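Note that the structure is a prediction, hence the values are computed from the model and not measured. Naming: A, B, ... by sequence-line order, numbering from 1 per chain.
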Amino acid sequence: MSVARLLSSSQLNTAIVNHLDDGRLVDAVKLFCSNSHLRNTASWNLMLAGYIRNGRPQCARKLFDEMPCRDIVSWNTILSGFRRSGDSFMAFQHFSTMILSGLRPSGVTLTTMITIFQSSNLLVQLHGMAIRTGLSLNSIVGTALVGGYAGLRDPIAMFQAFKDIPIKNSVSWTSLMLGYMEFGRLNDAERVFEAMPVKNVVSWTAMINGCISNGNLNAARRYFDQMPIRNVITWTSMIKGYQQNEQQVNALNLFAEMLRLSSVRPNQFTYSTVLAACAGCCSLLFGKSVHGQILKSQLLWDVILSSSLVEMYGKCGDVDSATQSFESFEIRNVVSWNSIIGCYARHGLSTRALEKFKEMIQEGVRPDDITFVCVLMACVHGGLVEEGEYYLELMEREFCIKPRLEHYGCMVDLLGRAGQIDRAEDLIKQMPFEPDTALWGAFLSACGWHLNLEHGLWAAKAMQRLEMDHPAIYSMMLRVYGERGAWRRVNGLKEKMEKVVVGKQMGLSWVDSAAS
DNA sequence: ATAGGGTTAG
C-alpha cells in the first residue's frame, strides 16, 4: 500500500471508497484509523457501509456507537445492516431512538423499515408515517409498500398502495405483478403484466418465476420463448423450473441450448442448478462434463456450488469423486457435510458415514434434521439397530432437533429389517405423526420379509382406511400366504392386484419388466 | 455514503 500523504477529507474519503470497491476492507480500516484528523461524517458512514457490505454487523454496530455525530445516512446505513442480519428487533429499537432524538426519517429510512417489517402489522404504522411526512409520494417508498402489503396478504391494500404511487415505473409494476403471483392469482398477475407499459428483462424473468412457483411450467416457457432478451438469470430460472419439476432432461437440454444458441454464459447459480439436474437423473456423464466446464470457466467455488458437486457425484454413484471433491473444498457447511454423509449412507458405507458424522461434530459444524436423516439411513443400511436408537435419542437431547416423520420412517425401517416388528409397530403407534405411504411401505416390506402376517395385515388395513396404496402391500401378502401354502388366497390377491395396481406404478424391477 | 422488482445446494 502506498503511503501518500492525504491532505483533505475528500481525499481520505475517495481513498476509502477505492479500497472498499476493490474489496480491501482491511486497507480501508487502516486508512480510516491513521487519518483521524481528516475524518468527517461521510468517512464514518463509508466505513459503516463497508463493514455491512462485508458482512461484519458487529463491527458496524461498534463503529456506529463510537461515531461523534450521526446524520440520517448513518441511521439509514445501520438500519440496512440490521435488515441484512435479519435483526428486526434492533432495527425497531434504533428507528425509535432516531425518531425520539428528533431526527426526521427520509424516504430511504422508511423504505428500509418497510422492507424489514413487510408482513408485520407495523407496516400500517409506517404507511401512516409515510403519508404524514409526505414521503409516500416517493415512488420507491410506494413500491416498497406494495411489496409490504403483499407480505401482509392484503391484496386490496396492495393495489391501493400501487394506485397511490405518483410515478409508476417498471419496478412498481413488477412488484404489483409479483404480489398477485404470491397470492396465486396468476390471471391477475398476467393482466398486470399485459398492462405494464415498459417491460424489461427483470419483469419478464419475474413473470417466468411467478408462473413456475404457481406450477404452470408451460406458461413460463411461453414467456421465456416470447421475451426479446434473456440474461443469465432468465436462463437459470427456466432451467431451475424444469429441474424442480423433476424434468431433468428438459433442464439439461435447455442448458445445452443456452450454451449453443445464446451468448449468455452460465454463472454459479446456473451451474448449481444444472448439477442438481444431473443428480436428479443420475447422469454421471453430463455431471462430469459440467464439472469440467466449471473448472475451465475459472468461477469461484462457493459453498453452494461445491456442495452441489458433491451431491451430484454422490447421487450418480461415484463415491470416490464425491469424496475427492468434498475433501478438496476449504469452505464447508452443514449441507456439504450432509451431502457426503448421505452419499456414504446411500451406498451402504455405514461405518464411513458415521465416521464422517463424528468428524463433522469435531469440526464444530452443527448438524441439522437432514444430517440425522442421513445418519439414520446409514444405520438402516448397516443394520445398526443400537446405533440408530442412540442417534435418534442424541438428536433431540444434544442438538434439540425434534424427530420428524422421516426420522421415524428410518427407525421403522431399521427395526423392521432387523425383525423387530413389534418394536417397529410400537414406534408407529407412539410417534406424533400419521405414517405416510413410504413408512407403511417399509413396515410392510419388513412384515413380508419376516413372514409376519399379523402385523402386515394390521398395516395393510390401516393403509386401506387411509386409501393409500403401495406395492409392498401385495408383495407382503403374496410372500406370507405363499409361504404358508395358501395358494388359493394368493391367486385371489393376484387378481385384486391387477385391479388395483393397473395404471399405477408397480414395484417391478427391470428384470420383471423385461420378462413380461 | 443509505432505499424498491428477477437466479443457486442437501
Side-chain angles (χ1 to χ4, degrees), chain A residues 13 16-17 20 40-50 52-53 71-81 83 105-116 118 135 138-148 150 165 168-179 181 196 199-210 212-213 230-241 243-244 266-276 279 302-312 314-315 333-343 368-371 373-374:
Chain A
N13 293 349
I16 291 177
V17 168
L20 289 176
N40 57 17
T41 308
S43 334
W44 286 88
N45 290 343
L46 278 169
M47 289 310 300
L48 204 54
I52 289 167
R53 267 210 304 276
D71 63 7
I72 188 67
V73 176
S74 330
W75 287 98
N76 293 343
T77 308
I78 198 71
L79 287 177
S80 82
R83 182 182 54 184
S106 70
V108 179
T109 323
L110 280 182
T111 306
T112 307
M113 287 301 287
I114 289 167
T115 55
I116 296 175
Q118 62 182 2
L135 288 169
N138 176 325
S139 293
I140 299 186
V141 172
T143 302
L145 283 169
V146 172
I165 300 174
K168 304 169 184 64
N169 57 20
S170 37
V171 182
S172 332
W173 282 91
T174 306
S175 297
L176 181 69
M177 188 275 288
L178 279 173
M181 284 297 194
M196 200 182 301
K199 304 178 182 67
N200 57 20
V201 202
V202 180
S203 352
W204 282 96
T205 308
M207 194 63 206
I208 290 172
N209 282 316
I212 292 172
S213 59
R230 296 174 271 274
N231 65 15
V232 63
I233 301 183
T234 321
W235 283 96
T236 304
S237 299
M238 197 63 231
I239 295 171
K240 175 71 189 160
Q243 192 270 326
Q244 75 192 31
N267 63 13
Q268 289 97 318
F269 293 72
T270 324
Y271 281 125
S272 10
T273 306
V274 171
L275 286 171
D302 65 33
V303 68
I304 295 183
L305 187 56
S306 48
S307 55
S308 313
L309 187 75
V310 175
E311 183 68 20
M312 183 278 291
K315 284 239 175 93
N333 65 7
V334 214
V335 183
S336 343
W337 284 96
N338 291 351
S339 292
I340 196 67
I341 295 171
C343 165
D368 64 9
D369 50 341
I370 298 177
T371 316
V373 172
C374 299

Using atom CG of A:N138 as one end and atom P of B:dT2 as the other, report the distance to the nearest whole Å.
-> 16 Å
Consider the side chain of A:Q243, meaning its heavy atoms from C-beta on, and name the nucleotide among B:dA9, B:dG5, B:dG6 that approaches it most closely.
-> B:dA9
Is any side-chain N or O of A:R83 closer than 4.0 Å to OP1 or OP2 of B:dG4?
-> yes
Separation of A:L79 CG from A:L110 CG (nearest 0.5 Å) = 10.0 Å
Please evaluate the base of B:dG5 for a donor-acceptor partner in the side chain of A:N200 within a cut-off of under 3.5 Å?
-> yes
A:I52 has an atom CD1; how far is it from atom C1' of B:dA3, in whole Å?
-> 13 Å
What's the verdict on side-chain contact (heavy atoms from CB on, under 4.5 Å) for A:I212 and A:Q244, showing C-alpha distance, side-chain angles and the deciding distance?
-> CA-CA 9 Å; A:I212 292 172; A:Q244 75 192 31; 3.4 Å; yes
How would you label the contact of A:G342 with the nucleic acid (heavy atoms, under 4.0 Å): base, sugar-phosphate, or nothing?
-> nothing
Measure from CD1 on A:I114 to P on B:dT2 and round the result to the nearest Å.
-> 19 Å
Tell me yes or no: between the side chains of A:N76 and A:S106, is some donor less than 3.5 Å from an acceptor?
-> yes
Establish whether the base of B:dT2 is bridged to the side chain of A:T77 by a donor-acceptor pair shorter than 3.5 Å.
-> no
Out of B:dG4, B:dT7, B:dA1, whichever nucleotide has its closest atom nearest the side chain of A:T115 | B:dG4
Please confirm whether any donor atom in the side chain of A:S175 sits under 3.5 Å from an acceptor in the base of B:dG5, or the reverse.
-> no
Below 4.0 angstrom from OP1 or OP2 of B:dA9, is there any side-chain N or O of A:K240?
-> yes
Between the base of B:dA3 and the side chain of A:T111, is there any donor-acceptor pair under 3.5 Å?
-> yes
Side-chain contact, heavy-atom cut-off 4.5 Å: A:L46 with A:N13?
-> yes
Please state how far atom CD1 in A:I116 lies from atom C1' in B:dG4, giving the value in whole angstrom units.
-> 14 Å
To the side chain of A:F269, which of B:dG6, B:dA9, B:dT7 is closest?
-> B:dT7
Nearest-0.5 Å distance, CD of residue A:Q268 to OG1 of residue A:T236 | 10.5 Å
Given B:dG6, B:dG5, B:dT8, which nucleotide is nearest the side-chain atoms of A:S170?
-> B:dG5
Rounded to the nearest Å, what distance is computed from the CD1 atom of residue A:I140 to the C1' atom of nucleotide B:dA3?
-> 6 Å
How would you label the contact of A:S308 with the nucleic acid (heavy atoms, under 4.0 Å): base, sugar-phosphate, or nothing?
-> sugar-phosphate
Contact class for A:D369 (heavy atom, under 4.0 Å): base, sugar-phosphate, or nothing?
-> nothing
Test for a donor-acceptor pair under 3.5 Å between the base of B:dA1 and the side chain of A:N13, counting only N and O atoms.
-> no
Does the base of B:dG5 carry an N or O that pairs as donor and acceptor with the side chain of A:S203 under 3.5 Å?
-> yes
Nearest-Å distance for atom pair OH/C1', residues A:Y271 and B:dA9 = 16 Å
With respect to A:L145, which candidate in A:I114, A:I165, A:T111 satisfies the side chain to side chain contact (heavy atoms under 4.5 Å, CB included) definition?
-> A:I114
Would you kindly check whether a donor in the side chain of A:S272 faces an acceptor in the base of B:dA9, or vice versa, at under 3.5 angstrom?
-> no
Separation of B:dG6 C1' from A:M177 CE (nearest whole Å) | 9 Å
Any donor-acceptor N or O pair under 3.5 Å, side chains A:S237, A:N209 = yes
Checking all strands, does A:V373 fall into the base, sugar-phosphate, or nothing category for heavy-atom contacts under 4.0 angstrom?
-> nothing
When all nucleic acid strands are considered with a 4.0 Å heavy-atom cut-off, which category describes A:E311: base, sugar-phosphate, or nothing?
-> sugar-phosphate
In whole angstrom, what separates A:N169's CG from B:dG5's P?
-> 12 Å
For the side chain of A:L46, starting at C-beta, report the closest nucleotide among B:dT8, B:dG4, B:dA1.
-> B:dA1
Nucleotide of B:dT2, B:dT7, B:dG4 approaching A:V73 most closely (side-chain heavy atoms) = B:dT2
From the candidates B:dT8, B:dA1, B:dT7, the one with an atom nearest any side-chain atom of A:N267 is B:dT7
Decide yes or no, distance alone: a donor-acceptor N/O pair under 3.5 angstrom between the base of B:dA1 and the side-chain of A:N76.
-> no
Reckon A:S306 touches a base, only the sugar-phosphate, or nothing at all at heavy-atom distances under 4.0 Å?
-> nothing
Of all the choices, B:dA1, B:dA9, B:dA3, which nucleotide is nearest to the side chain of A:D71 once you look at every atom?
-> B:dA1
What does A:S237 touch in the nucleic acid at a heavy-atom separation under 4.0 angstrom: a base, only the sugar-phosphate, or nothing?
-> sugar-phosphate
